[in-house]
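All remarks here apply to the structure that follows.
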Amino acid sequence: MSTRHVSIVPGLAPAAVEYVRAREWRMACERQSGAGGRFCGLFAGRGPMGLQANCVFAHADQDHVVCASAPGGEIDTIVDLFAAAEWDEREAHDCYGLRFDGHEPLRSLIDHPAEPDAWTVPIHGHDAYRVAVGPIHAGVIESGHFLFAVVGERILHLDLRLFYKHRGLQIAAEGRSLAEGLRHVQRVCGACAVTNTVAYAQACESALGFTPDRQLRQARTLLLELERLYNHLNDISAICAGVGFAPGATAFAGFKERAQRLNQRLSGHRFLFDTVALGASTLRIGQADALAAREELAALHQEEGRVWRELQFAASLQDRLDGVGALTRADAERLGATGPVARATGLRHDTRSESPRLAYRSFTPATLLRATGDVSARLNVRQIELEQTFAILDQLLSSRVTPGGVKPGGAEPGDFKPGDAALTGLGVARVESPRGETVCVVKTDRRAVERLHLRTGSYANWPVLVCATRDNLLPDFPLINKSFELCYACVDR
Amino acid sequence: MFVLLRHLGRVRREIALPRAQRCGSLALRHVDAGSCNGCEHELAASANPYYDLQRHGLGIVASPRHADVLLVTGQITTRMVDPLRRAYDAMPEPRLVAALGDCAIGHNTLGDPAQLAGPLEGILPVSLRIPGCPPTPQQIADALVDLMLSSRSSKIARCGCP
């Protein structure tokens, strides 16, 4: 067992990598969680000694990756220690053939076997029946299949079959240059394009031992918040549409359009595509443009606030939200829920408050007075986050935005030197997307991508959705689904 | 509710969309065959008050059985080929297929070739291509309105005017 320790500014250190034997794997993971580490994803890969299992843990000061070789293609499961590892282990098995001893039954996730037993939870008893939906849905929605087990109108269980849009983007990026890898990550999801590319760029920079300068931090934070703005406006519109409250849905769709037009004016693209580069930012916003953007944001903020207050008194909307799709705080924590979904249950975690590579100074996660964990709470937490986003954007646009770059090493003297981190060639980055924490791991091999793993906020939250739908009415599912508003593209990759 | 409706009325007045040429209608069905969700966002946005696709008689319907046009987005994955064909087979004649966005047209596709089924043209007969990554709601609306006007002669658009 070998561990590398670097003493540094909290969060700026490259991830510590710990290599353990297969039989020490479970113990090493247990030790991490005992030391306060938060499970952030598991992925398989190929190492010099055959298949390899890797597990990422987030710590306040330095992220930690536990790696273990599995020469026989089998390793102990950790799903009993971290329930959030369920999908990760199933994916590692489907993509790499890595078996997890003790994970029974190890149902397929990415593969689509014809027989239902291979991917569904069996349902026994009288009166239970199945309702199948998708992969093509009735609205303008992404493709994915839901299989409900129902008694009467009550949902017993939901089996998800996603990955209809599995494009193999991660595998396709392997062996390519880091810059080409960025293009692949950009293509993963349109609505989370900035988050995914910033996470990838940060992981690469961390692996190579660079830290962003002030301008780069400012530019990336601005782009991330512009992305959050139009996504949250879209999500509030979607919840209104989910209950058939057309005036609210239309008003917020209009706000989203204004936010996207602002994106177009500031960055040249309505979804901020191609605005993130490795180790640099070319975004340039002059004083006059920044001022105009601030005025537009202030006007948007005021009108949005006025319509939001109206929604509070719209009984036909509010009466549908309370107690629907409720998630307890304990379940959210156990299943590794993240983002607004987790904060709606009272969990106080937001990766923005631990992002030294971005310009969030003294950020405090949104909290609700009544963190009920239901659709109503998920709607309200988004409004609080919108207020935060408007404030951050106003502050970031109070000065002009100029091109930025990276500098070697950490922010303080005495930090690690460039090349130091390149010894491991492994970069880990965590960035808060509109849907939760996105974790990106990049293994570099002489400035090429050896292994890329992207675990988005949506990936973490899909299994949580299954938990939140249990015991709810089947006709309420579209509303619960919209209150999560998860990406399929981010998961299918 | 009054403030909300007044807000929506004011938004409509400020946008001041030109009067639509009402010359029939087309029912649209969308299938995501492997997109990044960008095209879906923009297609949905084309129904917002700034573009209001429905005023032209263009509406998105829930089933391919009710549709005249199949809008396909994304680079076609192997897993979506079968659902896509079944959606097309469910459509009544006459029917059209439109490739929405660069991916569906076959431009700059990325990904593992083992997971991709190639461009849409090799799977279904494509009669309209709407380029862009993603195409803006205005481009989508313009292309579909042109399609409706040009397909009147081919009796696809249900014509309501002499």
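Below, chains carry the letters A, B, ... as their sequence lines are ordered, and counting in each starts from 1. Atom set for the values below is all heavy atoms of this structure, side chains included, hydrogens, waters and symmetry mates excluded.
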Subject >> Under 4.5 Å from a heavy atom of chain B, the part of A:Leu317 involved >> reply: neither
Original post:
For the residue pair B:His7 and A:Phe255, does the interplanar ring angle fall in the parallel (under 30°), tilted (30 to 60°) or perpendicular (over 60°) class?
Top reply: tilted
Original post:
Which one of A:Phe313, A:Phe245, A:Tyr488 has the most heavy-atom pairs closer than 4.5 Å to chain B?
Top reply: A:Phe245
**OP:** Would you mind reporting whether A:His112 and A:Tyr164 have side-chain heavy atoms less than 4.5 Å apart?
**Re:** yes
**OP:** Would you mind checking which part of B:Cys103 comes under 4.5 Å of any heavy atom in chain A, side chain (CB onward), backbone (N, CA, C, O), both or neither?
**Re:** side chain
Original post:
Which of the residues B:Arg29, B:Met80, B:Glu40 is involved in the greatest number of heavy-atom pairs with chain A at under 4.5 angstrom?
Top reply: B:Arg29
Original post:
Between A:Cys490, A:Ala172, A:Ala314, which residue shows the highest count of heavy-atom pairs closer than 4.5 Å to chain B?
Top reply: A:Ala172
**OP:** Output, in order, the C-alpha distance, side-chain angles, deciding distance and verdict of salt bridge (charged side-chain N to carboxylate O under 4.0 Å, His left out) for B:Asp82 and B:Arg86.
**Re:** CA-CA 6 Å; B:Asp82 184 43; B:Arg86 287 168 67 174; 3.7 Å; yes
Original post:
chain B: which of A:Gln260, A:Gln170, A:Arg183, A:Glu174 shares the most heavy-atom pairs with it under 4.5 Å?
Top reply: A:Arg183
**OP:** Give me the ring orientation class for A:Trp462 and A:Phe146: parallel if the planes are under 30° apart, tilted from 30 to 60°, perpendicular past 60°.
**Re:** tilted
Original post:
Side chain, backbone, both or neither: which part of A:Arg270 has an atom under 4.5 Å from a heavy atom of chain B?
Top reply: side chain
**OP:** Give the member of A:Leu311, A:Val307, A:Asp492 that has the highest number of heavy-atom pairs under 4.5 Å with chain B.
**Re:** A:Val307
**OP:** Report yes if some heavy atom in the side chain of A:Val133 is under 4.5 Å from a heavy atom in the side chain of A:Phe477; otherwise report no.
**Re:** no
Original post:
Do B:Gln75 and B:Cys36 touch side chain to side chain, with heavy atoms closer than 4.5 Å?
Top reply: no
Subject >> Residue selection (most heavy-atom pairs with chain A, distance under 4.5 Å) from B:Thr77, B:Leu110, B:Asn48 >> reply: B:Leu110
Subject >> Side chain / backbone / both / neither for B:Leu4 at chain A, heavy atoms under 4.5 Å >> reply: both
Original post:
Which atoms of A:His269 come close to chain B, meaning under 4.5 Å heavy atom to heavy atom: side chain ones, backbone ones, both, or neither?
Top reply: side chain
Original post:
In terms of heavy-atom proximity below 4.5 Å to chain A, should B:Tyr51 be classed as side chain, backbone, both, or neither?
Top reply: side chain
Original post:
With a 4.5 Å heavy-atom cut-off, do A:Arg306 and B:Arg6 have their side chains touching?
Top reply: no
**OP:** Check whether B:Ser63 gets within reach of chain A through its side chain, its backbone, both or neither, counting any heavy atom under 4.5 Å.
**Re:** neither
**OP:** Measure from NZ or CZ of B:Arg95 to the centre of the six-membered ring of B:Tyr88 and say whether it is under 6.0 Å with the direction within 45° of the ring axis.
**Re:** yes
**OP:** Compare all side-chain heavy atoms of B:Gln139 with those of B:Pro134 and state whether any distance is below 4.5 angstrom.
**Re:** no
Subject >> When A:Ser143, A:Ala253, A:Ala193 are compared by non-hydrogen pairs under 4.5 Å with chain B, the top option >> reply: A:Ser143
Original post:
Who wins among A:Pro135, A:Gly190, A:Ser237, A:Ala138 for the most heavy-atom pairs under 4.5 Å with chain B?
Top reply: A:Ala138
**OP:** Report yes if some heavy atom in the side chain of B:Ile105 is under 4.5 Å from a heavy atom in the side chain of B:Val126; otherwise report no.
**Re:** no
